[in-house]
Every structure is written in structure tokens, then in C-alpha cells.
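The figures that follow rest on heavy atoms only: side chains count, while hydrogens, waters and symmetry mates do not. When a ligand or atom number is given, it counts from 1 through the structure's own listing order.
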Amino acid sequence: MTLSIKELLHQDQPLAMVVANGWVRTRRDGKDVSFLELNDGSCLGNLQVVVTTGPDTLSGVTTGAAIRVSGALLESPGKNQRWELRAEHIELYGGCPEPYPLQKKRHSDEFLRTIAHLRARTNKYGAVARIRSRLAYGIHEFFQRRGFHYIHTPIITGSDCEGAGEMFRVTTLDPRQGALDPADDFFGKPAYLTVSGQLSLETYCLGLGKVYTFGPTFRSENSNTSRHMAEFWMIEPEIAFADLVADIDLAEAMVRELVGFALHDCAEDLDLFNRFVDPTLLARLTRLAAEPFVRLSYTDAIDCLRCSGRAFTFEPVWGGDLQSEHERFLTEDEFGKPVVVYDWPADIKAFYMRRNDDGRTVAAMDVLVPGSGELIGGSQREERFDVLVAQIERRGLVPEHYWWYLDTRRFGSAPHAGFGLGFERLLMLLTGISNIRDVIPFPRTPKNLEF
Ligand code: 4AD
Ligand code: MG
């Protein structure tokens with residue numbers, strides 16, 4: 001019977017004959033006995049394998065080797081583990097000759113990024129991958145339980161949702177053939193990788209009521225920061241017959257429930273980050289799940305920053321975007337918890353956000369969190385046809401390009417709202433990892449496309 005190491009470590013009874021597969025993390029040799037720590041990725045914990053069958057059994061079984069062990073699972077006399085596997089037979093799948101890049105016990109994150117194809121075999125990156133997988137499941141569960149429909153919005157698109165011009169071009173034309181005419185291209189018009197599924201999602205929202213999408217998004221912003229990547233995953237819900245308050249309520253419920261889910265479901269892996277990355281992590285997450293977020297209008301946020309007495313590199317002025325030093329001050333120093341900033345100046349936000357009656361702000365919100373900054377961006381959408389057309393034109397965009405989007409306002413328009421949550425930013429919050437490149441298997445950043 002082959003069992004995963006997770007299953008073996010959770011047994012209640014000894015087992016006379018079992019098989020375990022995995023990679024050797026360490027090998028210690030005594031006089032007549034050798035000990036292997038075996039890991040198969042099923043959980044953080046290793047299985048102790050005890051080998052007394054002589055040195056021949058262990059030929060080629062070094063750190064990093066992949067092996068199959070059969071034997072008896074018995075109570076361990078050692079105090080660090082309940083069970084151990086007394087090996088009767090060991091089979092070597094793949095040896096691991098020197099120099100093995102993961103030979104040392106501890107490696108820097110920078111070094112491990114250069115061997116992203118091997119880092120899944122470390123405790124830390126194995127744990128990140130498991131948390132990432134469980135959270136993706138938890139997100140679907142969160143929405144499905146609430147009656148949301150999962151909509152697959154397109155990856156290849158003809159429109160720039162955010163209007164920020166940070167799109168990757170998709171083409172089958174060969175640049176060596178001279179000038180590129182979009183009319184000759186695959187789609188007969190310019191095509192891009194999506195920066196957000198929102199516009200497509202809105203059309204399904206105004207028909208299915210409560211919807212969400214969860215997929216990869218692409219941005220060519222050339223900012224080499226610890227919080228941005230060219231390819232990241234975004235969760236975007238969209239709710240009909242809803243205003244900005246309902247949107248913020250959903251965002252807050254989602255973040256708090258997912259943090260609670262992770263604390264419960266990923267306890268062993270989170271504990272690793274609490275021990276080795278951030279000793280305040282578990283306490284912080286527990287508080288985050290338990291306490292309401294701060295809600296602050298943009299205008300009040302600017303006042304709060306201006307009255308803080310802090311010497312910021314960028315002076316906070318009404319009408320400007322919040323810089324990360326401002327986000328840090330609000331979430332880390334002033335309130336010590338997530339802060340929802342709402343009602344932003346219209347001029348720095350996207351065309352689809354609903355104009356407020358004051359004539360200068362829109363019903364937009366950002367959820368800012370300690371450490372990773374902006375986690376969520378969202379808004380109530382402009383549902384009034386004439387106002388929406390005017391906003392498109394004001395930004396120099398062409399209403400005809402958005403004809404299908406505008407149709408939803410022409411026919412049966414209704415108030416609706418939604419937001420986008422950056423999946424990697426959530427994982428940074430959950431693990432305390434400070435560089436976004438370390439919460440995705442293969443990060444895509446400027447001048448970096450190795451794996
Ligand atoms: O605030 P953003 O740009 O919002 C939108 O795209 C909306 N259309 C979403 C919506 O309302 N449906 O992006 C949403 C979130 C950000 O708050 C951030 O967490 C994440 O996506 N994000 C990035 N994450 C990693 N790398 C990047 N380059 C990111 N850009 C945005
Ligand atoms: Mg944003």
C-alpha cells in the first residue's frame with residue numbers, strides 16, 4: 001500500500017507494510033544505522049526513515065535523491081516524531097550528484113529565484129505552493145457558497161479595461177517583414193493580453209446577477225517593484241443591484257473569511273512563516289480576521305496624512321494618488337490594520353467608475369493592507385449611459401470601440417459594483433513574504449523570462 005507522507009504522519013495505528021515515495025532532505029549515518037528525512041510535498045513534515053539493512057541499500061541515496069521505501073511504520077523512540085518507517089527495501093528513482101544547488105540547508109530568496117525550477121523542493125516554497133493551492137480553492141468556495149457564478153472572461157482582448165495603456169500586444173505578424181498593419185493581423189485589428197476581465201464580466205453580471213472571474217492578467221508596467229509583476233492572478237467579483245457600500249462589505253468579508261480559512265486550513269504551513277519570516281504573523285492574521293477594517297474617505301485620508309507631521313518624500317495633496325509611503329503610514333502607523341479608502345478624485349481613476357454628486361469624486365475604493373499595500377481596487381460602475389459616454393470621451397477614448405459595453409447601459413442598465421483582488425498580494429499578506437516574486441512559481445518581471 002502506497003501512502004503519502006501526510007497520510008503516514010497522521011496514522012493512528014502502526015502499519016506492517018507500506019510504501020512511501022519522496023525526495024531525501026537529509027541523511028545522517030550512525031555506526032549501524034542511517035536516518036533519512038523524506039519529503040514528498042504532501043505536507044511540510046518529513047517522514048523519518050530508519051535504515052539498518054547495511055550500506056549497500058543506501059548507495060546513491062544522498063540529499064535530493066528520489067527514492068521509494070517499503071517497510072513497517074512503527075512508533076518512533078525518538079522525541080521529534082511519532083512515527084518512523086523502518087526500511088526493508090529502498091529503490092533509487094533518481095540520484096542527485098554534486099554539486100546539487102540545494103545542498104545547503106538555508107538559501108537566500110534571491111538565490112532561489114535563480115533556480116525557480118528547483119525551489120519547490122525547499123520547505124518555504126513548498127509551503128507557499130500549498131497555501132496558494134488551498135487559497136484558490138477557498139476563493140471558489142467563498143463565492144460558490146454565496147451563489148456567485150464563475151465566468152471565464154477572455155485572455156485575448158481588443159479593449160484596454162483600465163485605459164492605462166499597459167497592454168502586451170498579441171500578434172502573429174513577423175516584425176522582420178517591415179511595418180505591421182493590424183488589418184493583416186490574425187484578428188484583423190490590434191489584440192492584447194487582458195489587464196482585467198472586468199468589462200466582459202460586467203456584461204454577465206447584468207444578466208446573471210452575482211458573478212466572478214479568477215484568472216491570469218497581464219500588465220506591461222515597467223515598474224521593478226516588490227509588489228508588481230507583468231503576469232499576476234486576479235479575482236474579480238461583480239454584483240448587480242449593488243452600490244459602493246455593498247462592494248466594500250463584500251471585499252471586507254472576503255478578505256477576513258479567507259484569512260480565517262487559511263489560519264484553519266493551512267496551519268502547519270503558516271506556522272513555518274511565523275517561525276522563520278515574521279514572528280508576529282499569526283497574531284496579526286488572527287486580529288485581521290476578527291476586527292472590522294477602517295473605512296476612510298479619500299479626502300479624510302489626505303487630511304490624516306497632512307496632519308500627521310510626517311516628512312513624506314511625496315507630499316500628500318488632494319487629487320494625487322496615494323504613494324506607498326502614504327499607504328504604509330495609514331495601515332501600519334495610524335491604524336495598524338487594513339484601511340478602505342473610498343470616494344477618490346475622478347481624474348486619477350478609470351472611466352467606468354460612477355461619478356458622485358459632488359462632481360469631483362467617483363464611487364471607487366481601494367483596500368490597503370499592512371505590508372503589501374493595495375490589495376483590492378474596485379468601484380460602483382457608471383450605469384448611466386450619457387454620463388458613461390462623456391467619461392469615455394473625456395479620456396480621449398473612442399465610444400464606438402466600447403459599443404458592446406455601452407449596450408449594457410442602453411438596455412436594462414442597473415446599478416452594479418465590483419472589485420479586483422490581486423491573488424499574489426493576498427498571499428504576501430498571508431505569509432509575510434515581502435517580495436511578490438516569491439509567492440508565484442515562475443515570476444514574470446521586466447527582463448526576466450527564464451523558466
Ligand atoms: O486596481 P486594479 O488595477 O483594478 C482593476 O483592474 C479593476 N478592473 C478591478 C475590478 O474592479 N474588477 O487591480 C486590482 C488589483 C490591485 O489592487 C492589486 O492587488 C493587483 O490587482 N495588481 C497587481 N498585482 C501584481 N502585479 C501587478 N502589476 C498588479 N497590478 C494590480
Ligand atoms: Mg488599483
Side-chain angles (χ1 to χ4, degrees), residues 139 143 148 151 153 157 159-168 192-205 210-239 242 244 246-248 250-251 254-255 258 298 321-324 327 331 338-342 344-345 348-354 362-369 371-382 405 416-430 433-440 443-446 448:
I139 284 162
F143 286 117
F148 282 69
I151 307 297
T153 51
T157 175
S159 47
D160 183 357
C161 171
E162 293 305 299
E166 292 172 337
M167 314 254 282
F168 285 102
Y192 308 93
L193 294 178
T194 186
V195 295
S196 159
Q198 180 195 324
L199 301 189
S200 322
L201 190 65
E202 278 187 57
T203 70
Y204 267 68
C205 173
K210 291 197 283 186
V211 293
Y212 70 106
T213 185
F214 183 0
T217 42
F218 308 87
R219 295 192 187 181
S220 63
E221 56 195 329
N222 208 348
S223 46
N224 231 326
T225 78
S226 57
R227 305 189 300 167
H228 292 88
M229 289 183 297
E231 177 179 305
F232 62 99
W233 285 64
M234 186 153 54
I235 298 103
E236 299 181 87
E238 195 73 30
I239 36 178
L244 187 67
D247 201 36
I248 298 174
L250 179 68
M254 178 179 176
V255 175
L258 287 174
Y298 168 89
D321 214 345
L322 292 188
Q323 303 296 322
S324 56
E327 296 174 352
T331 55
V339 178
V340 187
V341 178
Y342 61 89
W344 288 72
I348 57 168
K349 288 290 185 187
F351 71 88
Y352 53 71
M353 297 181 173
R354 193 180 195 280
V362 285
M365 61 96 169
D366 276 6
V367 179
L368 313 175
V369 296
S372 38
E374 182 192 328
L375 173 65
I376 288 177
S379 69
Q380 186 172 340
R381 317 307 189 188
E382 185 53 78
Y405 184 69
H416 61 291
F419 61 82
L421 178 149
F423 190 40
E424 287 75 21
R425 303 262 179 102
L426 178 67
L427 291 167
M428 291 170 78
L429 177 74
L430 288 171
I433 287 179
S434 56
N435 194 317
I436 197 165
R437 292 165 181 77
D438 297 334
V439 295
I440 191 166
R444 300 288 179 247
T445 51
N448 175 23

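Distances from atom 11 (O) of ligand 1 to the heavy atoms of Met365, Met234, Arg381, Arg425 put Arg381 nearest. With atom 9 (C) of ligand 1 as the reference point, the heavy atom nearest to it among His228, Glu231, Glu236, Arg227 is part of Glu236. Around atom 26 (N) of ligand 1, the closest heavy atom drawn from Met229, Glu166, Glu374 belongs to Met229.
One finds the CZ atom of Arg227 at 8.0 Å from the OG atom of Ser372 (value rounded to the nearest 0.5 Å). Distance check: Met167 CE to Glu221 CD gives 13.5 Å after rounding to the nearest 0.5 Å. Here the CD1 atom belonging to Ile248 is positioned 6.0 Å from the CE atom belonging to Met365, to the nearest 0.5 angstrom. One finds the CZ atom of Arg437 at 5.0 Å from the CG atom of Asn224 (value rounded to the nearest 0.5 Å).
Nearest non-hydrogen protein atom to atom 15 (C) of ligand 1 is Gly420 O, 3.6 Å. The nearest protein atom to atom 5 (C) of ligand 1, hydrogens excluded, is given as Glu162 OE2, 3.4 Å; this is a heavy-atom distance. For atom 22 (N) of ligand 1, the closest non-hydrogen atom of the protein is Phe232 CE1, 3.4 Å. Protein heavy atom nearest atom 6 (O) of ligand 1, with residue, atom name and distance: Arg219 NH2, 2.8 Å.
The environment of OH in Tyr204 is sparse: at most 12 heavy-atom neighbours from other residues, nucleotides or ligands sit within 6.0 Å.
Between Asp247 and Arg381 there is no salt bridge, since no side-chain nitrogen of the basic residue lies less than 4.0 Å from a carboxylate oxygen of the acidic one.
For ligand 1 and Gly377, the ligand atoms under 4.0 Å from any heavy atom of the residue are 1 (O), 9 (C), 10 (C), 11 (O), 17 (O). Those atoms of ligand 1 with a heavy atom of Ile436 less than 4.0 angstrom away are 25 (C). Near Ser196, with a cut-off below 4.0 Å to any heavy atom, the atoms of ligand 1 are 6 (O), 8 (N). Residue Leu375 has at least one heavy-atom neighbour below 4.0 Å for each of these atoms of ligand 1: 17 (O), 19 (O). Of all atoms in ligand 1, listed by their number and element, those nearer than 4.0 Å to a heavy atom of Tyr352 are 7 (C), 8 (N).
In this structure, Glu238 contributes its side chain and Cys205 its backbone to no donor-acceptor pair below 3.5 Å. Proximity of a side-chain donor or acceptor of Thr217 to a complementary backbone N or O of Thr194 within less than 3.5 Å is not detected.
At under 3.5 Å, not a single nitrogen or oxygen of Gly378, backbone or side chain, sits near a nitrogen or oxygen of ligand 1. Considering both main-chain and side-chain atoms, Glu221 comes within under 3.5 Å of ligand 1 through a nitrogen or oxygen pair.
Here the Mg ion (ligand 2) has protein N, O or S atoms under 2.8 Å from it, and they come to 1.
The aromatic rings of Tyr212 and Phe143 lie parallel to each other, their planes meeting at an angle below 30°, with 60° marking the opposite boundary.
Evaluated for a ring pair (Phe, Tyr, Trp, His ring centres under 6.0 Å) with Phe214, the options Phe232, Phe423, Phe148 yield exactly one hit, Phe423.
The proximity of Tyr212 to ligand 1, defined as any non-hydrogen pair under 4.0 Å, does not occur for either the backbone or the side chain.
Side-chain contact between Val340 and Val367 is present, with at least one heavy-atom pair separated by less than 4.5 Å.
Every residue was checked against the side-chain hydrogen bond (donor to acceptor under 3.5 Å, both in side chains) condition with Asn222, not counting sequence neighbours, and none meets it.
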Begin from the C-alpha positions of Met428 and Ile436 and carry the test side-chain contact (heavy atoms from CB on, under 4.5 Å) through to its verdict.
CA-CA 7 Å; Met428 291 170 78; Ile436 197 165; 3.8 Å; yes
